Student: 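Pasting a structure here, questions to come.
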Amino acid sequence: MAEETPETGDARREADRVFTAVREALRLLESIPDAGVRAAAAGLVLREWPAERSLPKDIRQQAVAYLHEEQGLDFPEIGVLIGTDRSRAWRIWKGMS
């Protein structure tokens, strides 16, 4: 049996669940009856979307900090757990990645 990784296991299922919810939320734009307002609202979402990229990064950093500081895992262990190497896990913890 193949080893479960973040790309194939629980993390993938949870990420897919979040993606589905985000897509459903974005589909709300289609329900705006006025085409002009719909286009303008979609433009605002497009313009402001890049700022939202920091939220998953912050959530990941908080989770890695919890694993390290509260659960006592070292960075090689965290790297294996989240599907990366120890140096990337450390950079995530430090907010550099």
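Values below: every heavy atom of this structure, side chains too, minus hydrogens, waters and symmetry copies. Predicted model only: the values in this text are computed from it and were never measured.
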Student: When you measure from the side chain of Arg60 to the backbone of Ser97, do you find a donor-acceptor pair of N or O atoms at a distance under 3.5 Å?
Tutor: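 Yes; judged by distance alone, with no hydrogens or angles, the pair exists.
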Student: Are the side chains of Ile78 and Ile92 in contact, using a 4.5 Å heavy-atom criterion?
Tutor: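 No; the side chains remain at least 4.5 Å from each other.
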Student: Please indicate whether Arg86 has more than 12 foreign heavy atoms, meaning atoms of other residues, nucleotides or ligands, lying under 6.0 Å from its CZ.
Tutor: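 Open.
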Student: Trp49 and Ile32: same hydrophobic cluster, using ILVMFWY side-chain contacts below 4.5 Å?
Tutor: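 Yes, Trp49 connects to Ile32 through the hydrophobic network.
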Student: Would you say Phe75 and Leu81 are hydrophobically clustered, going by side-chain heavy atoms of ILVMFWY under 4.5 Å?
Tutor: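 Cluster IDs for Phe75 and Leu81 match.
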Student: List for me each residue that meets salt bridge (charged side-chain N to carboxylate O under 4.0 Å, His left out) alongside Glu77, sequence neighbours excluded, and say none if there are none.
Tutor: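 Partners of Glu77 by the salt bridge (charged side-chain N to carboxylate O under 4.0 Å, His left out) criterion come out as none, since no residue qualifies.
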Student: With a 4.5 Å cut-off on side-chain heavy atoms, are Lys94 and Arg91 touching?
Tutor: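 They are not in side-chain contact.
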Student: Val80 and Tyr66: same hydrophobic cluster, using ILVMFWY side-chain contacts below 4.5 Å?
Tutor: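 No, separate clusters.
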Student: Is Leu26 linked to Val18 within one hydrophobic cluster, defined over Ile, Leu, Val, Met, Phe, Trp and Tyr using a side-chain heavy-atom separation of less than 4.5 Å?
Tutor: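 Linked within one cluster.
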Student: Please check if Val45 and Val37 belong to a single hydrophobic cluster, counting links between Ile, Leu, Val, Met, Phe, Trp and Tyr side chain heavy atoms closer than 4.5 Å.
Tutor: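 Linked, Val45 and Val37 end up in one cluster.
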Student: Identify the heavy atoms of Trp93 and Gln61 that sit nearest to each other, and give their distance.
Tutor: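 What the structure gives for the nearest pair is O-NE2, 3.2 Å.
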Student: Thinking salt bridges, do Asp16 and Arg13 make one under a 4.0 Å N-O criterion?
Tutor: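 Arg13 and Asp16: not salt-bridged.
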Student: At their closest point, which heavy atom of Gly79 faces which heavy atom of Ala89, and how far apart are they?
Tutor: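 The pair with the smallest heavy-atom distance is N-CB, 3.9 Å.
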Student: Residues in side chain to side chain contact (heavy atoms under 4.5 Å, CB included) with Glu30, at least two apart?
Tutor: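 So Glu30 forms a side chain to side chain contact (heavy atoms under 4.5 Å, CB included) with Arg27.
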Student: Check Asp34 against Gly36 and note the closest heavy-atom contact, atom names and distance.
Tutor: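 Shortest heavy-atom contact: OD1-N, 2.8 Å.
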Student: For the pair Met96 and Trp90, evaluate side-chain contact (heavy atoms from CB on, under 4.5 Å) and give the outcome as yes or no after the intermediate values.
Tutor: CA-CA 9 Å; Met96 299 166 60; Trp90 180 85; 3.8 Å; yes
